[in-house]
Amino acid sequence: MDVERVQTLALRGLNELPAKFIRPTHEQPENSKALEGLTVPVISLAKRHDIVVKEVAEAASEWGFFLITDHGIPASLIEQLQKVGKEFFTLPQEKKEAYANDPANGKFDGYGTKMTKNLDEKVEWIDYFFHITAPPSKVNYEIWPKNPPSYREVNEEYSRAMLRVTDKLLELLSESLGLDKKVLKSHVGGDEIELEMKINMYPPCPQPQLALGVEPHTDMSALTLLVSNDVPGLQLWKDGNWVSVNYLTKAGAIFVHIGDQMEVLSNGKYKSVLHRSLVNKERLRMSWAVFVAPPHEAVIGPLPELLDEQNPAKYSTKTYAEYRHRKFNKIPQ
Ligand code: OGA
Ligand code: NI
């Protein structure tokens with residue numbers, strides 16, 4: 001399969017962006033600037049338990065997003081994760097192509113670049129690598145990068161660390177909804193909960209003011225746990241404006257997105273955050289998103305404990321497989 005990679009295009013040193021990357025006028029960053037002066041919530045998990053629960057409730061309902069610090073993940077592990085991911089993307093092109101995915105034929109895992117389906121469609125300035133890291137029964141090591149050689153070990157360790165953070169967050173979110181701390185995890189699949197790693201690679205872009213790295217979207221996961229290199233770019237939609245996530249002062253923080261499944265489970269109390277990412281003229285941006293998702297057969301709907309006559313269900317109940325199918329095909333949920 002012949003796919004033109006964004007990284008290859010960027011290396012050609014274009015002065016002008018090819019038309020398929022030029023966003024409609026209203027979407028262009030220069031016409032939809034972020035609001036200055038607002039800062040996103042930062043929650044230290046080292047604070048007193050009841051304070052953390054309250055801060056999580058506020059951030060999840062008002063923003064659908066927060067940064068966590070004092071999460072217990074060593075900075076050295078995050079550095080290694082970033083190092084092996086970067087090394088993969090600096091391999092010669094033909095080495096990377098050996099891992100090419102093929103979403104049109106149902107093969108989502110591997111090295112990918114979105115392609116246009118028609119002439120009007122716009123694409124994002126990004127290449128990525130996607131693979132499942134948990135539970136063990138769903139992991140396909142064949143598709144994980146074999147180069148650099150430590151890629152697998154580092155990503156296995158990072159996956160274990162993300163499972164610990166997931167458990168902690170699901171407990172805090174359960175408590176903040178007034179539920180027993182084990183409730184959310186059991187609804188999101190218990191030990192079958194899936195972790196999916198997506199490495200986002202945004203090469204320097206000749207006309208960043210006309211393009212987007214990722215277009216506005218909500219994640220269909222329950223949660224997304226993201227770290228990035230030190231190049232900013234992520235923006236959140238809050239009360240009618242874009243807000244930039246400025247995390248330069250918060251090195252080592254993990255970004256937590258509330259995803260669609262959490263919005264549904266909480267019956268809308270927690271918001272699946274609309275977000276996008278911008279690209280940069282000089283610098284390459286990379287981010288590592290871990291999607292925390294239910295297994296496909298899990299049935300997700302508003303938690304019965306949260307419903308009564310005053311609070312009827314605002315969302316329908318369906319399997320995660322059905323939710324995915326509708327989201328991919330833009331069918332109303
Ligand atoms: C995503 C995403 C944003 C970023 O991968 O779903 O929203 O900061 N990424 O790279
Ligand atoms: Ni996202």
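Each ligand, and each atom within it, is numbered from 1 in the order the structure gives.
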Asn200: numbered ligand 1 atoms lying under 4.0 Å from its heavy atoms: 5 (O), 9 (N), 10 (O)
Atoms of ligand 1, numbered as shown, that sit under 4.0 Å from any heavy atom of Leu234: 3 (C), 8 (O)
Over 12 foreign heavy atoms within 6.0 Å of CD, Glu36: no
Aromatic ring pairing His275/His257, orientation class (parallel under 30°, perpendicular over 60°, tilted between): tilted
Side-chain H-bond candidate by donor/acceptor type, Tyr158 with Gln80, under 3.5 Å: no
Protein residue, atom and distance nearest to atom 3 (C) of ligand 1, heavy-atom basis: Tyr202 OH, 3.7 Å
Region of His275 engaging ligand 1 - heavy atom pairs below 4.0 Å: side chain
Option of least heavy-atom distance to atom 2 (C) of ligand 1 (set: Met201, Met220, Arg285, His217): His217
Test: Arg276 and Glu27 ion pair at under 4.0 Å: no
Minimum-distance N/O/S atom that Asp219 presents toward the Ni ion (ligand 2): OD1
Parallel, tilted or perpendicular: rings of Trp237 and Trp242 (30°, 60°): perpendicular
Residue-ligand contact Phe291/ligand 1, heavy atom below 4.0 Å: yes
Aromatic plane relationship, Phe130 with Phe291 - under 30° parallel, 30 to 60° tilted, over 60° perpendicular: tilted
Contact partition for Asp219 relative to ligand 1, non-hydrogen atoms under 4.0 Å: side chain
His217 near the Ni ion (ligand 2): N/O/S under 2.8 Å: yes
Under 3.5 Å side-chain donor-acceptor pair for Thr218 and Lys327: yes
Per-atom contacts, ligand 1 versus Lys198 - under 4.0 Å to a heavy atom: 5 (O)
